[in-house]
Amino acid sequence: MIGAQAALDAGANGFIAVIMGVMTASFGGLIRDIICNEIPMILHREIYATAAAAGAAAFVLTEGWLTHEMALMIGAAVAFSLRAMGIVRGWHLPAYPTLPE
């Protein structure tokens with residue numbers, strides 16, 4: 001939500017704000033995982049960037065209609081819920097098939 005808000009404050013349109021929200025969430029997690037010497041979550045099949053995109057989109061869409069705090073809570077709830085359901089229910093994104101050796 002912070003990246004999306006920064007983009008909106010800079011005058012970017014909603015699409016760019018969502019992209020910036022995804023980038024800040026993804027690269028923040030990437031840096032965290034590298035510092036912790038773990039394989040970055042963004043490289044797994046788990047729902048990670050998709051949840052960030054859905055949360056940022058929910059935030060951008062509700063920002064004009066609701067108060068800033070409500071839009072933040074809705075965006076965070078959407079992202080958290082999608083990520084949590086992915087973990088609990090084992091949802092994964094499709095992976096590229098490996099090439100034969």
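Along the sequence shown, the residues carry numbers beginning at 1. All figures in this text were calculated on a predicted structure; none of them were measured in a lab.
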Quiz item: Going hydrophobic residue to hydrophobic residue with side-chain gaps under 4.5 angstrom, can you get from M20 over to F27?
Solution: yes
Quiz item: Out of L72, V60, I74, T24, which residue meets the side chain to side chain contact (heavy atoms under 4.5 Å, CB included) rule with M1?
Solution: L72
Self-check item: Candidate list V78, L8, V18, test side chain to side chain contact (heavy atoms under 4.5 Å, CB included), partner F59, passing option
Solution: L8
Exercise. Might you confirm whether atom CD1 of I2 has over 12 heavy atoms from other residues, nucleotides or ligands at distances under 6.0 Å?
Key: no
Quiz item: What are the two closest non-hydrogen atoms of G21 and A56, and how far apart are they?
Solution: CA-CB, 4.3 Å
Quiz item: If you take all heavy atoms of A77 and S81, which pair is closest and at what distance?
Solution: O-OG, 2.7 Å
Exercise. Answer with yes or no whether the hydrophobic clustering places M70 together with W65; edges join I, L, V, M, F, W, Y residues whose side-chain heavy atoms lie under 4.5 Å apart.
Key: yes
Self-check item: Euclidean distance, I16 CD1 relative to M23 CE, rounded to 0.5 Å
Solution: 10.0 Å
Quiz item: If you round to the nearest 0.5 Å, how far is CG of L30 from CD1 of I35?
Solution: 10.0 Å
Quiz item: At what distance, to the nearest 0.5 angstrom, does CD1 of I47 lie from CZ of R89?
Solution: 11.5 Å
Exercise. Taking all non-hydrogen atoms of both residues into account, name the closest pair between V22 and A52 and its distance.
Key: CG2-C, 4.0 Å
Practice problem: For residues I34 and P40, report the shortest heavy-atom separation together with the two atoms involved. | Solution: CG1-CG, 4.4 Å
Self-check item: Distance-minimising heavy-atom pair for A58 and G75
Solution: CB-CA, 4.1 Å
Exercise. Can you measure from NE2 (H68) to CE (M73) and round to the nearest 0.5 angstrom?
Key: 11.0 Å
